[in-house]
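Quick notes on the structure that follows.
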Amino acid sequence: MSRYSAAEIEARWQEAWDKAEVFKAERDPSRPKYYVLEMFPYPSGKLHMGHVRNYTMGDVIARYKLSTGHNVLHPMGFDAFGMPAENAAMAIGGHPKTWTYDNIDQMVEQMKPLGLSLDWSRMFATCDPEYYGQQQSLFLDFLQEGLVYRKNAVVNWDPVDMTVLANEQVEGGRGWRSGALVERKELTQWFFKISDMADELLEALDGLDNWPAKVKLMQANWIGKSRGLQFAFERVDGGEAISVYTTRPDTLNGASFVGISPDHPIAKAMEGDAAVDAFLAEARAGGTTEEAIETAEKLGFDTGIKVKHPLTGEELPVWIANFILMDYGTGAIFACPAHDQRDLDFCRKYDLPVIDTFFALDNDTPVSKEAFVPAKTEKVRWVDHFAGLDVATGEEAINITIDKAEAEGWGEGVTKFRLRDWGLSRQRYWGCPIPVVHCDACGVVPEKKENLPVELPDDVSFDQPGNPLDRHPTWRDCACPACGKPAKRETDTMDTFVDSSWYFARFTAPRAKTPTEAADAEYWMNVDQYIGGVEHAILHLLYARFFARAMNICGHLPESAKEPFDALFTQGMVTHAIFKTEGADGRPVYHYPEEVELKGDKAVLSDGREVEVIPSAKMSKSKNNVVNPLHIIEAFGADTARWFVLSDSPPERDVEWTAAGAEASHKHLSRVYRIASELDADAKGSPEADEQLLRETHKAVHDVTMGVESFGFNAAIAKLYGFTNTVAKSKASGAAKREAAKTLAQLMSPMTPHLAEAVWEMLGGEGLCTLAPWPVADAAMLVEDNVTLPVQVNGKRRGEITVPKDMDKAEVEKLALAEEGVMRALDGNAPKKVIVVPGRIVNVVA
RNA sequence: GCCCAAGUGGUGGAAUGGUAGACGCGUCGGAUUCAAAAUCCGAUUCCUUAACGGGAGUGUGGGUUCAAGUCCCACCUUGGGCACCA
């Protein structure tokens, strides 16, 4: 008997797969294709358990589909542009390019031992000029189609470092390096016209049947379609009327002021006045995130301008308010403090009137500190409504108000979207250069396609803040592609979301001289199964959906690929306990898992000190709770790591990595190996046991297949534990047991492919287990003749009866009422009602 | 602040509205062993009972239903996202 040696087995079978090129994907119209894709990683240089979990899930699907006769495309690449490379260059010197490519090499080296069924020949990184050159080509096509344009937008500005900051570089309203108070500053930037497709992107969500409902809901809310009323407030001084958009026109009677954004033209026109400037500076302080704006203290400035209420003719003041966004609606609102908490807080602060426009049906206390904001579907009682309403829901009132405004001609019902255009300009080096040139004579001129890729220069330094492209001595200078005169290259690069918005399409023809190759895109698209973290639920997935449409317009993707991901699965994180003690200075000290010993329910250090255990925390370098997959592979093998990340939690939820769990997984795999190696094929058994084992095998095939197909990997693994026990304990003949064990190997193959091959070979399986056709369960073998039904009395289980599976309801009822526990519970009383759910349950109502 | 999830034994978790706790870990007991490791067998929600039983129980409080972990309402806690982290 040999022992289970993962290291030996895994190296051997990986070599065998390589040699047979089993994972190389080639177009083959004679076979159905299947495209599995996991969200590609950022090359941090360190593979973590989250990656292992993500790729293992994809691998299970890919290997399963391979054995069901599909031509599988399962590629891998790297999302390689972005800030960390520049930060590394600043922190430790060196060049973002070398840092990135070194990291990619390291990650590939760390991924290979996992035995993933990847077609490595298709690998690319988004920072390869070959890739980003094609991206520039796409940009030019989008530009030509009018899908890209320039406008002003605000950025986080660090006034000390004189540089633009990413949101994550703003900490508590200050720049992370300089510590300066961050301001919002306007810059001219490039935008994708995603808002043109807002309605389509929303409508098409309905067709994404195999996407998680929560992701679709988040996207729908993000797109934020709303119907409201747009109308204008006439200015008392005769100036240009102020147009406002509101989703609650029914509360117009409760208006107490008109609010405009600090970026509204009227506010801008007032700049130069010392008081206005001071206020605007204050209002523009802080970062650009919606969170920062929403949670900032509400500030207002009375412009002194008065407008007329369109219905009552009453005069309302116009205030500049820091919480009004210029990007949404018209950048101006009317405030109804009685029914909006934000407006109420503002009015209380600046002593503006609060007017109730409706009350709850059973309560007419005027609003004081809390705004009354019922659901739009709730009936409320209106106070002197201008459309003559008495009791009506908000929804009804809104529609009636819009109709009235349109009939009387002072406003119109309009549909607006919350979705803003996608700003793609980044004032950074390590990204895809935007292929345009600024010419004094010709303006903004697209680079010629034959000059692509516009490559990033290598000779740059990161010893000062800001974009090195801006201060590059020669790269910036060029000839205008239109007139040939000296011109300046655009120094902004593209958002890295652009890179990840079409990589899935590029994988279908990664070396093509155009962004895609029609025949390949036609054959391989769509991605049949996309797998990644929920953190990408909105932005990445929305941008990719936009890109697929834009690429279709430009002829780079077929119409059928406008929704590029047929099915989406969002997996949870891998977490790990944090082991914490307190240092002498009272600050927390975090210990590595290896330093900590678990004794019962306590955790102690080697010196005996007790350690606080914080469970289920996101793995984080600073908390010392990161588990390195390489260490696990060294100690137990890749199959153990793969088995564990799949076994312990449902895939969509977080899984906590525990040393005990990893050991248990390894123990189980060793057991399977031992069972196979100790199997005596000549052993005799009973025909009944053979029959029973065969039934159990078919049941296992059915259950595991269902589990794999429905992403119930943990459930599939639970079945495999059960089936392993069944095989081990079966009294069937050696020959029957060998067949069952071979099926066990096949069923385990997607999860633990190396072990499966070893067992398969040991039991005389033909060829590679990986390529063996997936077993099919015989429906006839799954049905049992008898079923055991629990019998409840008033919903409480009092006994059970075993009956033939298609027994008549009346017969079942009779047997149930005769059951001992049921009779005891009924205590001689006649049942009021008996509910028989065939094959399920009997409930007696007493 | 806004949007979206999730909360079940000591523990990770299972459960088309139909026996709550499958399967794994841990713990306890037993077998094997000179002894141990490994392995194998069994028990394991809590309270109560000698036992048969009985009662309670899926974050909290309500509701719908013959039947609720599952559906509805409100709340609490934790996690994800909020447009320049990827």
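In what follows, chains are A, B, ... by sequence order, proteins preceding strands, each numbered from 1.
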Heavy atoms only, 4.0 Å cut-off, all strands: where does [X] land among base, sugar-phosphate and nothing?
X: A/Ser44; value: nothing
X: A/Asn843; value: base
X: A/His536; value: base
X: A/Gly661; value: nothing
X: A/Pro41; value: nothing
X: A/Asp327; value: nothing
X: A/Val164; value: base
X: A/Trp222; value: base
X: A/Val837; value: base
X: A/Leu419; value: base
X: A/Lys729; value: sugar-phosphate
X: A/Ser647; value: nothing
X: A/Val791; value: nothing
X: A/Ala664; value: sugar-phosphate

Please tell me whether [X] and [Y] form a close aromatic pair, meaning their ring centres lie under 6.0 Å apart.
X: A/Phe546; Y: A/Trp502; answer: no
X: A/Trp422; Y: A/Phe191; answer: no
X: A/Phe346; Y: A/Phe323; answer: yes

Can you tell me if the side-chain N/O atoms of [X] get under 4.0 Å from OP1 or OP2 in [N]?
X: A/Asn794; N: B/C66; answer: no
X: A/Arg653; N: B/A6; answer: no
X: A/Gln219; N: B/A83; answer: no
X: A/Ser649; N: B/G12; answer: no

Rounded interatomic separation in angstrom, taking [atom1] from [X] and [atom2] from [N]:
X: A/Asn714; N: B/C25; atom1: CG; atom2: P; answer: 15 Å
X: A/Glu696; N: B/C23; atom1: CD; atom2: P; answer: 13 Å
X: A/Glu678; N: B/C40; atom1: CD; atom2: C1'; answer: 11 Å
X: A/Ile194; N: B/A83; atom1: CD1; atom2: P; answer: 14 Å
X: A/Gln189; N: B/A83; atom1: CD; atom2: P; answer: 14 Å
X: A/Arg797; N: B/A67; atom1: CZ; atom2: P; answer: 19 Å
X: A/Met83; N: B/C84; atom1: CE; atom2: C1'; answer: 7 Å

Same-atom distance ([atom1]) from [N] to [M], integer angstrom:
N: B/G10; M: B/G79; atom1: C1'; answer: 24 Å
N: B/G54; M: B/C76; atom1: P; answer: 40 Å
N: B/C3; M: B/A83; atom1: P; answer: 16 Å
N: B/U11; M: B/G26; atom1: C1'; answer: 7 Å
N: B/U58; M: B/U19; atom1: P; answer: 16 Å
N: B/G69; M: B/G1; atom1: P; answer: 32 Å

Ion pair check, A/Arg426 and A/Asp495, cut-off under 4.0 Å: yes
Pairing of A/Asp263 and A/Arg284 as salt bridge, 4.0 angstrom limit: yes
Geometric cation-pi criterion A/Arg184 and A/Trp157, 6.0 Å radius, 45° cone: no
Nucleotide opposite [N] in a Watson-Crick or G-U pair, distances under 3.5 Å:
N: B/A36; value: none
N: B/A56; value: B/U45
N: B/A67; value: none

Test side-chain hydrogen bond (donor to acceptor under 3.5 Å, both in side chains) applied to A/Asp345 and A/Gln341, A/Arg348, A/Lys349, the passing residue: A/Gln341
Anti versus syn assignment for B/G9, with syn defined as within 90° of 0: syn
Side chain of A/Arg671 - closest among B/C40, B/U19, B/A86: B/C40
side-chain contact (heavy atoms from CB on, under 4.5 Å) partner of A/Gln427, chosen from A/Thr491, A/Leu165, A/Leu187: A/Leu187
